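First the proteins, then the strands, lettered A, B, ... as listed; each starts at 1. Keep in mind that this is a model prediction, so the values were computed, not measured.
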Amino acid sequence: MKNKRYAIVLDTKKCLNCKACTVACKFENFVPVGDDTYRIWVTELPLQGKFPHLHQEYQTSQCQHCENAPCEKVCPTKATFTTPEGVVLVDYKKCILCKACMTACPYDARFVSEHHESVEKCTFCMHRVSEGREPACVETCPVRVREFGDLNDPNSKVSRLLSSRPYLQLKPEKNTRPRLFYVL
Amino acid sequence: MEMSFESLKETIFAQSRTLRPGMQDKHETSAWDKNRLDVESALALKNIFFYLSLIFRYPTEQIYSEIAGHLEAFTDFFTDYGGAVPELPPIDDLQPEYISLFVNNQGFVPAAPYASCYQGDGLLMSDNFYRLRQIIMESGFMLDASVHELEDHLAVLLEFCSSLLNTLVEKNNSSDKNLMACIYALLEISYRYIEPLVDDFTDKINSYASYDFYKVTGKALKSLFHDADPIYVQLLGFRSNSTNELQG
Amino acid sequence: MKKKLMSRRKFLGLSSSAIAGALFGPNLNMLTAAPTDPFDYSILPKGTREYIASNCAMCVNKCGIIGEVVNGKLHKINPNPRHVKSRGMLCAKGNAGVSLPYSPDRLKTPLLRTGKRGEGKWKEISWDEAFKYVAKNLADLKQKYENRSSVAFASTEGFQEEFYYYLVNSFGSLNTVRHTTLCLSTNIQGWSSVFGSFPDADLANAEYVLMLGSDRAQALITPDSVDFQRYKPKGQKLIVLDPRFTETGAKADRWYPIKPRTDQGFVLAMINVIISENLYDHKFVETYTHGFEELKELVAEYTPEWAEKKCEIAADEIRKTAREFADHAPRSVIYPGRRSSFYSHEVYVRQTFAILAAICGCWDTKGAVVPKSSIKLASHDVMFPFFNLTRDRVDREAVNLVKDVVPSAVQCPMIGTGLPDDSCAFLSEKDGSWITFREAVLQDDPYPVRGFFCFKQNPVQSVPNVKKTMKMLEKMEFICVIEQQMSDTAWYADIVLPHSTYLESWDPAHSIGGIWPIVEMRQPVIKPLFDTKTMFEISGGIIHEMLKIPSLWDDIDPVDLVDFKKNVVEDILDKPIQDYIKHQLVNHPGAYKQLLKEGFYTVDGGRPTYGKTLKPGFRFKSKTGKIELFNERYKEFGLFPLPKYCEPEILPDPGQYRFLVGRTAWNTHTSTQNNPYLWEIQKENAVWLNTGEAKKKGIVDGEYVRIKSKIGEQRIKAYVTEKIRPDCVFYVNGWGRKSPGMSRAYKSGASEAEIIDDVLDTISGGVCMHETFVTIKKA
Amino acid sequence: MNKGKKILTITIIAFIIGSFFSVVMAADNFTNDGNDRKGKYLFRKNCRTCHDGSSAATMSPNTKTQAQWERTFKKYERLECVEEWNKRSQGELKDVYTYLYNHGYDSPQPATCK
């Protein structure tokens, strides 16, 4: 059997800016309250146009689970590693809080966690996924901005979305090859 | 091999945040020589803990009269640690004062008397709560059914410490194997539950209190726990790496 | 250093304190010896993880939740993926519900006021003392005023509210006042005037959605907030009319920044186009409606060109919208929404919406506006005694009150006497009307009201014109508040009774009507943390104490008292609440088990049923039994029977802005601002001000401004934006709190109750929150 | 002047006239100005005991339209349960009528009798 290749596909055009995902993530993953502690976030992109012809979008973002992960490369203790499914994780016990990874990350997706006494970030909720449950942010979203699944399975929702719709990835110039895909 | 006080503390802080597996058996009884217990001091501290426990409970008439009746006996303690002898306001003033500081104020509670609120996200029953419950139960105690409180309420913690000291004294002459467990519990409660609370807690009392009573008693509580190392070293007769403290 | 430590530790030597200890009194221990056999390990973590189904109560939606309880502590609230109403979603508030039971700020024990009102001096009392105290005060008020309605009972919707009414009915007051007139009473009245009921919108199947006055992306309503985006790929078109460019507007195919208070004009012009271009559903109009000719005549003058002048939306756009709406019919929705406490002619606005749906046949069919269905539960058919000393509601008995206190409500020149000026024409008996109720109490007209109960409502913050609410509270001789937290209102109470959170209590089964009707119930997800009770237990406790006071039962038939004790007290309140729930479900075998497992129950897989009102022989709840485009009852009451356009009655002075209020998806009214996880998202509110206007006034984004109405003044941060029309300003509700204790919301931002004028819709009794004008200047 | 109020006045006059005749006309004309609350109590106490679906059809104010209630009360002598009706005074019947009429199916406040 083939390896799984996990990914998240986002249809941010649907996003209501309701922030359900960010709160769900905090409780699920013991992310403390605080403006600097978050694994995922929702940004109001700049308002376009002049009254009354306006346009606005909201963009959810997080760790991009890069196939070519800069954070992993700079980690002196190999605390950051990639699973066979392509999920970039941190071994909290190995982290020495040097923050090199935080500097290296082009997506500002890492923070220092008091709870784990480590630098941490999105894990794709692997503890849930291993039990057959969806990541907390995927599950709680009213409009299902995110879909999570296996790129190696042509019938998975993520594969079908990517084969049927154009998409872009964040900061392609960094050559990070993210596992997050934003469909248009 | 006898453990130093510092390494004992380290062991306690290295404990997992969650439940401890069958704690009694794991403790090395050789870590401490029970003959070194300063019984008189232990009794004194036991009483101070209990008295402070009474102070940080809601002052019902019964509690109030206990507080009032024994205040004089603790003059030295409060003078040394609180900087003054607390002036006890009339019960009709103390009750609202207690509620407005520790139970409910307009929409919030200024100085929540729960250890959990000083850890993690500031909410009740945070990570270490169940560990506390286990420590209490394994020490042979539980909350009385009539008490609608959480185990990490400061008053409960202080009473528990008082009871642990009592056990140490009472069983000192027996060959009870659990004495070391008692010491572990005492130190863990002191250092992992009460001590992290005292600074914030007293700061908040100071900004919201209308009377001096809880300011002074709060300061005494804070100073006492800041002074915990030498007190425990002396009282329990530990070997300490810090000679300065040993002579205390 | 060494010396100091030595001296400070002198207590360790033989000291007086060592002796003192022996003298501590008996029975002082909070801890007791844990029994060794049998040892109750249930309070210790089981080392397991449990998933317990229930329903959310962070707002009114009651979405399906599954509490994830790890080692006895609620770790997370997950959405219930199978829930037919919430469609497996849970919003930020629902997720943040985890912190509700664990908030150190929550009420923990009954508190009795000892100082002056609002001074903040309390003492703890036991529940027994509390019940006695409440019962005695009820008896005293009843004796003193010889009128049971001298005690008023405020509440808001929720599963436990039905037990509050056990208390109300056992005492016999008719003065109940609910949240409805602060929220959607105009909406219910307007739609019902046409269809006889207040419907839902089938946004999951609609092809064309016209949304006016609703921000469904932020003011979340399930399933609507889910459906209007999740099902959009099917080709649904969304047209949003709002003076603000909201998150909903950002999702729209077209957003029209309509001039506030002119929505009716836009829709009237649509009706004009649809009738004049013969685009309406002839068969539907003929079969089901009454008064089409009169309507046709009325709308003849309301051309798109006419409306353009009112709404400031181009006539062509109105025409286009009308044609599209008719083109997609019956899968076109003019969205009823929820809160409609906007303008004094709001009932007519909503009547107009309903008429548009009616003439296009967009009713009770897939993708249209559909009447609510509901699953019938067995009710406890209990008899309460008939009390002789009960007078009619104050807001009904009071005469000419409305004219005296809210004169602006009647100055609607185009309608003439289209709005009543003596009282509310269609006051809902149970809901009452907050504004008239408060006026009547303030004026002692027609009789004094001196007792006030408040269950989970916060009128100090939620009813416009807070000064009057405070005066009303001052008049009270007794105030009892039943709450989870020390709300602004609780702070002024004489006694505060702590209510358990929704995660700790059993709540009765509740039938929730809608296109996808369900039954819900709550079971405890975790054990209660403190000495709190539910309304079921509180009502039972108070009623038991009431029964000990003979004077409370001297104006009834003694036989009734015997029946009451047996049927209400013994058979219901003294029994476990589970018995009550099982009785509710007696006609639905398996429902109780299903509710324990899933938190909700449906019949027929929860599939919608369309068309039951279109079957031959169905009679609409109207005078004629038909869908009334021309309302016969309004005619009978002297109201205008057709939705004649109502010009703004009060116009802003130069330099004034119309004030608008609304919500975000991160807070529920006034109840959640102190939640750390929600506070983190929004730390204060800000007033939206159009960029051009801000420039004129030299106000820059982020600076503090003063916003002033004739009622009051607030200080608030400016949000300078293109997203709002130049003639109005806006901020979200729930901020600028009176409580220093709402530590996070206190003096952060501005309160709307401090500046909104108390204007009344006199048909439904609803408040009108968008009839206030304000000025803004740099702070 | 408000039209609603004018109508109210007319109703009151109508009622005064009505009550003159009521002595003679007995049960023929009920008006809806009795005690609504008392009516609910009497209805639930006396009528609902049978009309709860057990021995007679379930009945609530919203079971009938206002016109139907009017007719029912006009011709209650023909009903099976007329004996029960006769046990009640005219005043009590008026209270019940007021309650049922005011909350009829097509009334402004249709109600079940819960």
Self-check item: chain A neighbours within residues 61-68 of chain C, where any heavy atom lies under 4.5 Å away
Solution: C:E68

Self-check item: C:L238 vs C:R216 side-chain heavy atoms within contact, under 4.5 Å
Solution: no

Self-check item: Side chain / backbone / both / neither for C:S99 at chain A, heavy atoms under 4.5 Å
Solution: both

Quiz item: Between A:C141, A:P32, A:C15, which residue shows the highest count of heavy-atom pairs closer than 4.5 Å to chain C?
Solution: A:C15

Quiz item: Can C:K723 be said to sit on top of C:F730's aromatic six-ring, NZ or CZ under 6.0 Å from centre and within 45° of the ring axis?
Solution: no

Self-check item: Proximal component of C:D227, with respect to chain A [non-hydrogen, under 4.5 Å]
Solution: neither

Quiz prompt | Within 6.0 angstrom of C:K73 NZ, more than 12 heavy atoms from elsewhere | solution = yes

Practice problem: Select one option (side chain, backbone, both, neither) describing which atoms of C:L90 are under 4.5 Å from chain A's heavy atoms. | Solution: both

Quiz item: Are any of the side-chain nitrogens in C:D224 or C:R338 under 4.0 Å away from the carboxylate oxygens of its partner?
Solution: no

Self-check item: Contact winner vs chain C - A:E57, A:R133, A:E44, A:R144, heavy-atom pairs under 4.5 Å
Solution: A:R133

Practice problem: Report, as yes or no, whether the 6.0 Å neighbourhood of atom NZ on C:K695 holds more than 12 heavy atoms from other residues, nucleotides or ligands. | Solution: no

Self-check item: Contact class of C:I77 relative to chain A, heavy atoms under 4.5 angstrom
Solution: neither

Self-check item: Note, C:L503 side chain near C:L74 side chain (heavy atom, < 4.5 Å)
Solution: yes

Quiz prompt | Most contacts with chain A, counted as non-hydrogen pairs under 4.5 angstrom, among C:S86, C:P81, C:C91 | solution = C:C91

Quiz item: For residues A:T83 and A:Y6, is any side-chain donor paired with an opposing acceptor at under 3.5 Å?
Solution: no

Quiz item: Picking from A:H53, A:E134, A:R128, which has the most non-hydrogen pairs under 4.5 angstrom with chain C?
Solution: A:R128

Quiz item: By a 4.5 Å heavy-atom criterion (distance strictly below it), what part of A:L47 contacts chain C: side chain, backbone, both, or neither?
Solution: side chain

Quiz item: Counting heavy-atom pairs under 4.5 Å to chain A, which of C:E722, C:R254, C:R725 comes out on top?
Solution: C:E722

Quiz prompt | Structural part of C:Y677 lying under 4.5 Å from a heavy atom of chain A | solution = both

Quiz item: Relative to chain C, which of A:K50, A:E28, A:Q56, A:K26 shows the most heavy atom pairs under 4.5 Å?
Solution: A:E28

Quiz prompt | Electrostatic pair A:R160-A:E147, nearest N-O below 4.0 angstrom | solution = no

Exercise. Salt-bridge test for C:E693 and C:K696: reply yes if a basic N is under 4.0 Å from a carboxylate O, no otherwise.
Key: yes

Exercise. Go through the atoms of A:V138 and report whether side chain, backbone, both or neither lie under 4.5 Å from a heavy atom of chain C.
Key: neither

Exercise. Could you have a look at A:C21, A:A136, A:G34 and say which one has the most heavy-atom pairs with chain C under 4.5 angstrom?
Key: A:G34

Quiz item: Which class fits the ring pair A:H115 and A:F30: parallel under 30°, tilted 30 to 60°, perpendicular over 60°?
Solution: parallel

Quiz item: So, A:Y167 versus A:R165: side-chain donor-acceptor pair below 3.5 Å or not?
Solution: no

Exercise. Among C:A665, C:A92, C:G249, single out the residue with the greatest number of heavy-atom pairs under 4.5 Å to chain A.
Key: C:A92

Quiz item: Within a strict 4.5 Å, meaning less than it, do heavy atoms of the A:R146 and A:I40 side chains meet?
Solution: yes

Quiz prompt | Check: C:C311 and C:Y256 side chains under 4.5 Å, non-hydrogen atoms | solution = no

Quiz item: How would you list all residue pairs meeting side-chain hydrogen bond (donor to acceptor under 3.5 Å, both in side chains) that involve residues 86-105 of chain A, not counting sequence neighbours?
Solution: A:R39-A:Y92

Exercise. Name the option with the most non-hydrogen atom pairs under 4.5 Å to chain C; the candidates are A:L16, A:D11, A:V143.
Key: A:L16

Self-check item: Contacting moiety of C:F228, where chain A heavy atoms sit under 4.5 Å
Solution: side chain

Quiz item: Are A:H65 and A:F124 close enough that their ring centers fall under 6.0 Å?
Solution: yes

Quiz prompt | Under 4.5 Å from any heavy atom of chain A - which part of C:E680 | solution = both

